[in-house]
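None of the values given here were measured: they were computed from a predicted structure.
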Amino acid sequence: MGNSLICRTKKDAKDNGSKSKRMGKSQRKMLAEEEFLHKQALSMALHQHQLSQRFDGSMSRRIGSTSSRRHADPLANEKKLLESLEKIKFKKIVLLHGEGFGAWCWYKTIAQLEEVGLQPTALDLTGSGIDLTDTNTVTTLAEYSKPLIKYLENLPVDEKVILVGHSSGGACLSYALEHFPEKISKAIFLCATMVSNGQRPFDVFAKELGSAERFMKESQFLIYGNGKDKPPTGFMFEKQLMKGLYFNQSPTKDVALAMVSMRSTPLGPIMEELSLTPEKYGTGRRFYVQTLEDRALSPDVQEKLVRENPPEGVFKIKGSDHCPFFSKPQSLHKILIEIVQIP
């Protein structure tokens, strides 16, 4: 019995040997395919990691396209850009936040601009960010803009800055252009309230929020800092509404940051009519950056602003919500660099 078992085992071994040769070829082919797919997946994962580093404000000085096929030598392009920016006379960029935000919202933009040798500064407007002023006491655009005014007043005589204003921060840009035109090299309105003479910043949002008069009477988001029997002093949207209006394309981490950092907005400054003259405001170099997935300030409204008060140049960010410093930081910083280089 033992011998017959041995014989069968030898025969089986012979048959299995020929099968294993056939299986070996098939298995080797499968293994090769699996290895190829694994390498592909690894390559894609590495590419995604590199992209995430760029979007997180990486200090690796990656400038230009994310695709090596479009730029054969990214290092050469980077060197060329750095050399170009080195020749720029005015490198200081002042970043102004919009309603509810603070200097904190520019953290990605600051890192990206510093990487290429520019000198960004983000300011907290009065009652915003870490400025301790009670927003209920801020009643005028001049008060709201005080940190910017102080900054411009302290600039050396022969120095100019580039101003970037987001959302209602655009009103502060217009105010500065009217009062300090000689201090401002360029003014960049980022999905912002680029109003005309006699307009209120709030008027720009009328399509989404209704008329100013109706908002003051009916809005559930108003704050009565001096008591219900007195006029409202500020406003702040409910969190879910903010997410839908401002952050419909933004990463969840940045939305979470905003939810714990945003503060109420003083009402007086955005209800104030601006007085803008051709001799001062009109001589400023203005640029507008449109955000095409914006729900707070729709692309149609932004287009209307540009049409009624034409700037020197218009730029568009596809896929961006009302906060491109979160949703499209790479696109935003490239546009800012491009505007900086315009003679």
Side-chain angles (χ1 to χ4, degrees), residues 96-105 122-151 165-176 178-179 191-247 255-276 295-298 301 322-323:
L96 301 173
H97 60 82
E99 65 283 353
F101 292 88
W104 54 267
C105 71
L123 299 178
D124 280 319
L125 296 170
T126 307
S128 306
I130 60 172
D131 183 277
L132 298 177
T133 307
D134 180 359
T135 54
N136 295 305
T137 66
V138 183
T139 59
T140 66
L141 189 56
E143 289 177 271
Y144 190 50
S145 305
K146 254 183 188 173
L148 173 62
I149 294 168
K150 186 176 179 182
Y151 180 93
H166 170 241
S167 198
S168 63
C172 300
L173 255 69
S174 298
Y175 184 86
E178 178 64 26
H179 292 85
C191 51
T193 52
M194 187 175 67
V195 297
S196 302
N197 179 46
Q199 271 190 312
R200 297 173 293 193
F202 185 89
D203 295 339
V204 174
F205 296 98
K207 185 177 179 181
E208 280 75 20
L209 301 177
S211 70
E213 291 71 26
R214 184 180 174 187
F215 183 81
M216 292 283 279
K217 286 180 182 178
E218 301 177 10
S219 177
Q220 58 184 310
F221 308 113
L222 294 172
I223 296 168
Y224 294 84
N226 299 322
K228 276 279 187 179
D229 57 332
K230 301 284 173 56
T233 53
F235 70 94
M236 187 167 186
F237 296 125
E238 184 265 334
K239 286 186 177 181
Q240 278 307 120
L241 179 60
M242 276 198 288
K243 286 180 182 179
L245 278 176
Y246 291 90
F247 308 111
V255 177
L257 171 66
M259 291 301 99
V260 298
S261 304
M262 292 183 78
R263 293 175 60 183
S264 60
T265 302
L267 198 57
I270 67 167
M271 292 296 181
E272 184 179 319
E273 289 185 4
L274 270 76
S275 178
L276 305 172
R295 293 179 184 171
L297 198 63
S298 72
V301 172
H322 195 57
C323 303

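- For the residue pair Val195 and Leu276, the shortest heavy atom distance occurs at O-CD1, 3.6 Å.
- Under the 3.5 Å distance criterion, the side-chain polar atoms of Thr193 are left unmatched by any main-chain donor or acceptor of Val204.
- At a threshold of 4.5 Å between non-hydrogen side-chain atoms, the residues Pro231 and Asn226 do not count as touching.
- Put simply, the side chain of Leu141 reaches to within 4.5 Å of the side chain of Cys172, judged on heavy atoms.
- Between the side chain of Ser264 and the main chain of Gly234, no donor-acceptor pair closer than 3.5 Å is present.
- Looking at His97, its side chain never comes within 3.5 Å of a backbone N or O of Ala122 through a donor-acceptor pair.
- Residues Gly244 and Arg295 share a closest heavy-atom pair of O-CD, 3.2 Å.
- Note that CD1 of Ile270 is 10.0 Å distant from CG of Asp203, once rounded to the nearest 0.5 Å.
- The two residues Pro269 and Tyr144 come nearest to each other via the heavy atoms CG-CB, 3.7 Å.
- A distance of 7.5 Å separates CG of Leu125 from CG of Leu148, quoted to the nearest 0.5 Å.
- Remark: Glu273 CD to Gln199 CD distance equals 9.5 Å, nearest 0.5 Å.
- In this structure, NE2 on His179 lies 9.5 Å from OG on Ser145, to the nearest 0.5 angstrom.
- The minimum heavy-atom distance between Ser168 and Gly98, with the atom names listed, is OG-C, 3.8 Å.
- At least one donor-acceptor pair under 3.5 Å links the side chain of Thr233 to the backbone N or O of Ile223.
- The two atoms that bring Lys230 and Tyr224 nearest to each other are O-CD2, 3.3 Å, heavy atoms only.
- A donor-acceptor pair under 3.5 Å is formed between the side chain of Asp124 and the backbone N or O of Ala103.
- Although no hydrogens or angles enter the test, the distance criterion places no donor-acceptor pair under 3.5 Å between the side chain of Ser128 and the main chain of Gly102.
- Heavy atoms only, all atoms of each residue included: Ala142 and Ile149 are closest at O-CD1, 3.7 Å.
- Contact of the Met262 side chain with the Trp104 side chain is registered, since non-hydrogen atoms from C-beta on lie closer than 4.5 Å.
- Looking at Leu123 and Leu96, their side chains come closer than 4.5 Å, going by heavy atoms from C-beta outward.
- Separation of atoms NE2 (His322) and OH (Tyr246) is listed at 5.5 Å; rounding is to 0.5 Å.
- In this structure, Phe221 has its ring center at least 6.0 angstrom away from the ring center of Phe235.
- Using a 3.5 Å distance cut-off with no hydrogens or angles, the side chains of Glu99 and Ser167 do pair a donor with an acceptor.
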